[in-house]
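Structure, as structure tokens:
Letters A, B, ... mirror the listed sequences (proteins, then strands); counts begin at 1.
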Protein chains: 2
Amino acid sequence: MHLTAGRLDMRELVKSCKALSDETRLRVLNVLMERDCCVSEVRQALQISQARASRSLSTLYDAGFLRLRRRGLWSLYSIEKENLQEYSVDLIEGVRKALKDDETALLDRHRLEGGKRLGPDQVCKP
Amino acid sequence: MHLTAGRLDMRELVKSCKALSDETRLRVLNVLMERDCCVSEVRQALQISQARASRSLSTLYDAGFLRLRRRGLWSLYSIEKENLQEYSVDLIEGVRKALKDDETALLDRHRLEGGKRLGPDQVCKP
DNA sequence: CAGTTAGATGCATATTTTCGCATCTGTGGA
DNA sequence: TCCACAGATGCGAAAATATGCATCTAACTG
């Protein structure tokens, strides 16, 4: 094991916390905890604009919380598990606990289930 | 055990994450992980203005991360342990891990130790 | 009671962030 | 090759933040 010797972790941490400092992005993370989603699914579940959904996902991605797989026209986002920073595991766990019983979070998750699946699985043939 | 049924946790969580989304405040939290501090000790360790130290502490306090004990002229801040939200435990743990080896954080902790103790313990007789 | 000291806060300013609208990009289908 | 659709992004306006300076408050001291 080489010495990673975190030197500039402060900036990284600020970036991570900033990414979690917005209701929309927390709601996005919340639905992604249920299952992988493409942008339009997030948009539907949260009832927000396309641009807003896309930007929220990008921000979370840039902060290292998400993984992105392109499938044809779709961008399939999921919570990063492999290359997640150690401290990010704790942050995400905190978010999960906090939103477990939150009204908005519950509603978003409900809409995600209820909404008809528009994801790449139905349409895209790799 | 009554049903607390966390309903409005989203706002709380956003507030908590916002509080952690600033380098100064993370540095403050970092030194408080070493030991309880009054405002001027934080100011010295971080080499920042009095107003900035005071405001940073207030913000963290309002977010529920800190405990405050007044001792005469001094305000003694410490990390809240008793009444800390469950999810805040994870958030703080994440911060601790991230800053463990960070250069700035190390320097701040070093200055905290080195700095002559101005705290209430020397001065205040309860 | 007046002076001193630690800390809190109002105000003004500079910076950052959010978000809709419109537009651009890239991929797959006809 | 042209069209349609998912998603990314530039831009500008509005809102939220951070922070220094000066000032105010409260508590101990003499």
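Using a 4.5 Å cut-off on side-chain heavy atoms (C-beta onward), A/Val95 and A/Asn30 make no contact. Between B/Leu68 and B/Arg70, some side-chain heavy-atom pair lies under the 4.5 Å cut-off.
Rounded to whole Å, atom P of C/dG20 lies 13 Å from atom CD of A/Gln47. Rounded to an integer number of Å, the gap from CG of A/Leu46 to C1' of C/dC19 is 15 Å. If you take CD of A/Glu23 and P of C/dT18, they are 12 Å apart, rounded to a whole angstrom. At whole-Å resolution of the value, CG in A/Leu73 and C1' in C/dG28 are 6 Å apart. Atom CG of A/Asp22 is separated from atom C1' of C/dC19 by 10 Å (rounded to the nearest Å).
Residues A/Lys18 and A/Val39 each lie close to DNA chain D; by heavy-atom proximity, the contact nearer the 5' end of the strand is made by A/Val39.
A/Asp101 approaches B/Asp9 most closely through the heavy-atom pair C-OD2, 4.5 Å. The two residues A/Tyr87 and B/Gly94 come nearest to each other via the heavy atoms CB-O, 3.2 Å.
Contact between the side-chain N/O atoms of A/Tyr77 and the OP1/OP2 oxygens of D/dA8 is found at a separation under 4.0 Å. The phosphate of D/dG7 (OP1 or OP2) has a side-chain N or O of A/Ser40 nearer than 4.0 angstrom. Taking only side-chain nitrogens and oxygens, B/Ser54 comes nearer than 4.0 Å to OP1 or OP2 of C/dA8.
Among the protein residues, A/Arg43 comes within range of no part of the nucleic acid, since none of its heavy atoms lies under 4.0 Å from any strand.
Here the side chain of B/Arg43 pairs no donor or acceptor atom with the backbone of B/Ala53 at under 3.5 angstrom.
Here D/dG7 is the nucleotide among D/dT17, D/dA27, D/dG7 with the atom lying nearest to any side-chain atom of A/Cys38.
Between A/Arg11 and B/Glu23, at least one side-chain N (NZ, or NE/NH1/NH2) sits under 4.0 Å from a carboxylate O, which counts as a salt bridge. Ion pairing of B/Lys15 with B/Glu12 is absent here, as no side-chain N (NZ or NE/NH1/NH2) approaches a carboxylate O to less than 4.0 Å. Checked for salt-bridge contact, A/Glu82 and A/Arg67 miss the test: no charged N lies under 4.0 Å from a carboxylate O.
The closest side-chain donor-acceptor pair between A/Arg52 and A/Thr24 falls under 3.5 angstrom.
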Under 3.5 Å between N/O atoms: give me all the protein pairs with nucleotides 20-24 of chain D, atom names plus distance.
from: D/dG20; atom 1: OP1; to: B/Arg52; atom 2: NH1; distance (Å): 3.4
from: D/dG20; atom 1: OP2; to: B/Ser49; atom 2: OG; distance (Å): 2.9
from: D/dG20; atom 1: O6; to: B/Arg55; atom 2: NH1; distance (Å): 3.3

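Using a 4.0 Å cutoff on non-hydrogen atoms, no part of residues 57-70 of chain A comes near DNA chain C.
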